[in-house]
Amino acid sequence: MSGTAGRPLDARRDAAWLSGSEITAVALALVGQVLLTSALAETAYGRWILLLDVFIAAFLVLDLGLPTLLARDGPRQPSSLRPAVWRVWRVQATVALPVTVLVGAAVLRRHPDVPFLVIIAAAVSLLHLATYAPRAALRAAGEARLEAWSKVVERSVMTGGYALFMVQGESAVLPYALVLAAGALAGLLCSALLMHRTLGSTQTGLDELGSAWSASWRPLLWAGAPFALTAAVLPYVSRIEKFLLADAHGYDAVAVFHVAQMAWAAGLVVPAAIRSALIPAFGAVRESSQSTSEELRRAEAWIAPMVPLGLFSGALIVPPLFSLVFPASYTDGALGASAGHLFLILLPGWGLAMMATPSLAGIQTGHNPWLYAGHAGAGLCFAVLAGLLLVPNNGPLGAAWAALSVSAVLALLALVLRPSRRDMHARAWGVVLLSCALVPWLWQHSPFGSFAAAVVLTVLAVLVARPSSEAQSGPSA
């Protein structure tokens with residue numbers, strides 16, 4: 001075992017590893033769902049998914065925000081990461097096990113004929129919960145590549161097991177449930193083993209990570225509370241439009257909007273992965289406002305060139321894919337709108353989310369993380385308001401415009417609440433806003449014009465970002 005802990009942080013390098021692993025994981029998960037729906041009867045598949053969703057919903061806040069704290073504070077003293085992970089596991093187990101028993105008992109009363117499925121669904125959720133801390137520790141130690149591999153291993157075991165049982169003609173849900181549990185266990189063992197081998201034998205006290213990591217659990221739980229609360233709120237921000245659609249226009253409208261939003265949300269794994277990589281980098285400099293400002297601008301400089309061609313790629317690939325994968329009713333307007341058109345309305349929100357990622361990471365690692373919870377709460381309130389104004393009279397189209405307006409407000413709030421908001425990279429933001437306005441709109445009128453605009457704006461983003469990058473040369477930590 002190495003005697004050193006991790007390697008220097010590099011946000012761009014780590015973001016590339018995490019983005020690649022998330023995209024791979026999404027692709028493997030999609031293949032897995034196709035295999036499951038082919039092998040299982042609709043009722044069995046739906047029931048298994050429902051059981052999983054019950055425990056996922058119940059466990060939304062059970063990570064207690066501690067993995068985020070680990071990623072934020074770990075770069076201060078990587079040799080404290082291993083004991084910190086054990087501390088997180090103890091705290092989480094103390095809270096999660098009683099909740100699991102209570103939720104499990106309630107679910108068993110509703111589904112007494114499938115006790116093994118209930119137990120497996122609970123186990124899968126607990127195993128996923130346990131993976132967050134070692135993966136955050138790897139990321140904080142500059143080893144996001146190892147975190148990435150642990151995610152790919154988990155999904156590969158799952159998809160490979162599904163394929164094996166399907167080839168054998170297995171149609172019972174229990175073997176596939178066991179495969180999912182085996183994949184979650186493989187992900188946990190892989191991430192824990194990699195953490196153990198990577199972080200070295202030298203260990204220092206938890207107080208090296210900051211006051212929140214003192215002997216008492218109370219300051220740790222309080223420090224993680226904003227992140228736990230946000231984890232509970234965020235899922236509802238993207239579901240308000242569906243609730244209002246179901247009430248005003250029925251389930252057909254929900255179905256077509258869900259397809260468009262599902263494809264759009266799949267693209268959000270990229271800004272989510274970038275934010276995961278930025279949290280340790282920003283955490284390492286959170287005591288210096290000047291360094292934080294430089295890191296924020298540097299991140300905006302290298303993210304901006306990714307947006308124009310990302311928008312064009314989404315417009316090029318996703319709407320035609322809808323026509324290949326889904327029934328014609330989802331693309332011909334029979335359900336109130338075309339999924340492809342709805343996706344193009346939502347698409348600029350991806351560009352805004354990309355550019356707002358450094359600001360959000362800055363809020364998370366700032367000295368008042370309750371601003372992060374406030375950001376999510378304000379987003380939820382605006383989502384309700386926009387939905388009430390736009391959905392009842394406009395159906396799926398109104399839902400898409402409401403969701404886009406929420407993305408815009410969340411990006412604006414991130415700019416307002418971020419540390420050093422006066423030091424934003426204004427030119428990079430200008431190029432991204434222009435890209436969000438032009439590329440999807442041009443695609444609907446002239447695909448070649450959309451491509452030309454994406455290329456020109458990418459070059460422009462590189463040019464406007466270059467002075468910032470050169471002026472702040474050095475490791476992108």
With sequence neighbours left out, write down each residue that passes ring-ring contact (aromatic ring centres under 6.0 Å, His included) with F382, or none if nothing qualifies. none
Once you round to the nearest 0.5 Å, how far does CG of L360 lie from CG of L413? 9.5 Å
Does any donor atom in the side chain of T292 or R286 lie under 3.5 Å from an acceptor atom in the other side chain? no
Measure the spacing between OG of S407 and CG of L412 and express it to the nearest 0.5 Å. 12.5 Å
For S21 and L18, indicate whether the former's side chain and the latter's backbone hold a donor-acceptor pair under 3.5 Å. yes
Pairwise distance CD(E147) to CH2(W17) - rounded to 0.5 angstrom: 12.0 Å
Under 3.5 Å, is there a donor-acceptor pair between the D73 and W213 side chains? yes
Evaluate the ring-ring contact (aromatic ring centres under 6.0 Å, His included) criterion for residues H425 and W429: first the C-alpha distance (whole Å), next the side-chain angles of each, then the deciding distance (0.1 Å), finally the verdict. CA-CA 6 Å; H425 201 306; W429 266 97; over 10 Å; no
Does anything in residues 16-26 form a salt bridge (charged side-chain N to carboxylate O under 4.0 Å, His left out)? List the pairs, not counting sequence neighbours. E22-K151
Answer yes or no: are there more than 12 heavy-atom neighbours, outside W149 itself, under 6.0 Å from its atom CH2? no
Answer yes or no: is there an ion pair linking E300 with R427, defined by an N-O contact shorter than 4.0 Å? no
To the nearest 0.5 angstrom, please state how far the CG atom of L268 sits from the CE atom of M354. 10.0 Å
